[in-house]
2 protein chains.
Amino acid sequence: MPDWPAPVVAASSPAKPLPRPAPQGWEAIRAEVLHRIHARLWLPGATIPTEEALAQEFGCARATVNRALRDLAEAGVLERRRKAGTRVALHPVRRATLDIPVTRREVEGRGQSYGLHLLEQALLPAPVPVAAQLGLAPATPLLHLCTLHLADGRPFLYEVRWLNPALLPDPAPDFAAISANEWLVGHVPYTTGDIAFSAANATAHEAEVLGLAPGTALFITERCTWSGDRAITAVRLAYAPGYRLHTMV
Amino acid sequence: MPDWPAPVVAASSPAKPLPRPAPQGWEAIRAEVLHRIHARLWLPGATIPTEEALAQEFGCARATVNRALRDLAEAGVLERRRKAGTRVALHPVRRATLDIPVTRREVEGRGQSYGLHLLEQALLPAPVPVAAQLGLAPATPLLHLCTLHLADGRPFLYEVRWLNPALLPDPAPDFAAISANEWLVGHVPYTTGDIAFSAANATAHEAEVLGLAPGTALFITERCTWSGDRAITAVRLAYAPGYRLHTMV
DNA sequence: GGGTTTATTATGTGCAGACATAATATCCTC
DNA sequence: GAGGATATTATGTCTGCACATAATAAACCC
């Protein structure tokens, strides 16, 4: 089962916007609408012409206009309501999409070698805040995993995870060989999740594990996931300094 | 719609009302495809049937299947390529969408009062890293703005911005009254942007401005935006402790 | 006037058919 | 067999048309 030929997408330098090759079809319509908004022909809060009218103006089918406007609405540029029509968003929010890969791939994607140290694995009663976050009864037994992820042999990420043991198969996976996250994305369907990013000073323990001075600023990711209404896992990731979560809009 | 939706309600016992009202149309197809992936009927990396085949199976038009599969591809669950077909993503990335509102609305959205202190405004030659980020010649004159944003009168966010003065109208806006970001989203079209999140220890200056102890971990957002190929602005936001960037998937 | 019902209307979604496009598979030539 | 032209094929998109849905506007009644 060979891997799919790697998508030949050169990693673009983050600071170089490219000239767009005049689009056609629904993308042309999207571009034209965007242009009119930017040119302040259609002001924020104003209602723009109906799909029908635009279709006639552009000489295309209403479905094509619909495609373009729907895309802009998803991007937060337009607000659409049945009967009320389509308006230019009054308070445009920048809507960015983040790709959150598995840590191993993130490290390998930088051309570094990936390593993994399972520091702790134990079945413990869930601490109150964790149980509350996941919506479980306090002291529900959960699998507690502490893992240090390495990039080129150096500490990259310290992961503290609480995992619902009910989801594991009988011969439980060897989390010293495959990270819990990687095993989960491949084996447990998830429906809803919850992600928060923040910053925190390294605790004495975190500093020791990551090989840093205590108090170093760490980038923190916290995630909870559920499959339907069943809690899957809660995890806290503390990244070594230098980590940047990056996205383009 | 003949032989398929098999409305779960009709077939199952009346005593089990599903929380989500069984979707219909293209969303039902999306749900069914997701279900098959989660049920490991279609394994990661495997090619799933063609749109045509699925349309026949579900008794709907190909366009409807297309809508569902396209949605799942945008969500990162499927990978689609012409001629090659549609595959279950081998390395599913969690794709989260972030809404990044204007700071004033972010503060007001928490029910706090918003305030703004313009600490510095000067036309200065762009420092090398800033010029490089924006793709400008070194020492291009840029408007340098330092702003402290307040929530309920307490420091919330310290903003350091470099702004292309060519974009400003002749009577330049009063950035002591309206934040540069808020003015920009309303008046300058942007096409591409670039956002990075990280963590950093507060410098002595930042600590003083934000009223914190030096070294406190700060959540940092850095953004660059362009309008076409013209640089608009580069900005660094340092959030006071407690800030969390949050999203649900 | 105030409240409820009904009509109107823009968007949301559906269908069938068609052509465009890109990537693969195949055949042909050397 | 290697390399290149060609056929095949699954997805991408477009067109008309139809009906569903939701939210507003109008009509209506008291």
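Naming convention: chains lettered A, B, ... in sequence-line order (proteins, then strands); numbering from 1 in each chain. All figures in this text were calculated on a predicted structure; none of them were measured in a lab. Only this structure's heavy atoms are used, side chains among them; waters, hydrogens and symmetry mates stay out.
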TODO: For A/Q24 and C/dT21, give me the distance from atom CD to atom C1', rounded to whole Å.
DONE: 11 Å

Task: Shortest non-hydrogen separation from A/V65 to A/C60 and the atoms involved - done: CG2-SG, 3.7 Å

Task: Between P of D/dT11 and CZ of B/R87, the distance in whole Å - done: 12 Å

Task: Salt-bridge present (A/E51, A/R62; N to O < 4.0 Å) - done: yes

Open item on the list: Check the orientation of A/F175 and A/W183. Use parallel for under 30°, tilted for 30 to 60°, and perpendicular for over 60°.
Closed with: perpendicular

TODO: Find which nucleotide of DNA chain D each of B/I48 and A/E27 is nearest to by heavy atoms, and output the residue with the more 5' nucleotide.
DONE: B/I48

TODO: Look at the rings of B/Y239 and B/F156 and say which category their plane angle falls in: under 30° parallel, 30 to 60° tilted, over 60° perpendicular.
DONE: perpendicular

Open item on the list: Below 4.0 angstrom, which residues in residues 55-65 of chain A have at least one non-hydrogen atom near DNA chain C?
Closed with: A/R62

Open item on the list: Without decimals, in angstroms, what is the distance between B/L54 CG and C/dG14 P?
Closed with: 15 Å

Open item on the list: Are A/R223 and A/D194 packed together at the side-chain level, in the sense that at least one heavy-atom pair is separated by less than 4.5 angstrom?
Closed with: no

Task: Parallel, tilted or perpendicular: ring planes of A/Y114 versus A/H149, cut at 30 and 60 degrees - done: tilted

Open item on the list: Testing the basics here: between B/W26 and B/A68, what is the closest heavy-atom pair and its distance to 0.1 Å?
Closed with: O-CB, 3.5 Å

TODO: Taking B/T86 for its side chain and B/R80 for its backbone only, find out whether a donor-acceptor pair lies under 3.5 Å.
DONE: no

TODO: Scan nucleotides 4-10 of chain D nucleotide by nucleotide, 5' to 3', and note B when protein non-hydrogen atoms come under 4.0 Å of the base, S if they reach only the sugar-phosphate, - if neither.
DONE: ----BBB

Task: Between C/dG17 (P) and B/E52 (CD): distance, integer Å - done: 10 Å

Open item on the list: Rounded to whole Å, please give me the gap between CZ in A/R67 and P in C/dG12.
Closed with: 13 Å

Task: Short side-chain N/O contact to D/dG12 OP1/OP2 from B/N66, under 4.0 Å - done: yes

Open item on the list: Could you check whether A/E27 pairs with A/R30 (Lys NZ or Arg NE/NH1/NH2 to Asp/Glu carboxylate O, under 4.0 Å)?
Closed with: yes

- [ ] Grab the CH2-P distance between B/W26 and C/dT13 for me, whole Å please.
- [x] 6 Å

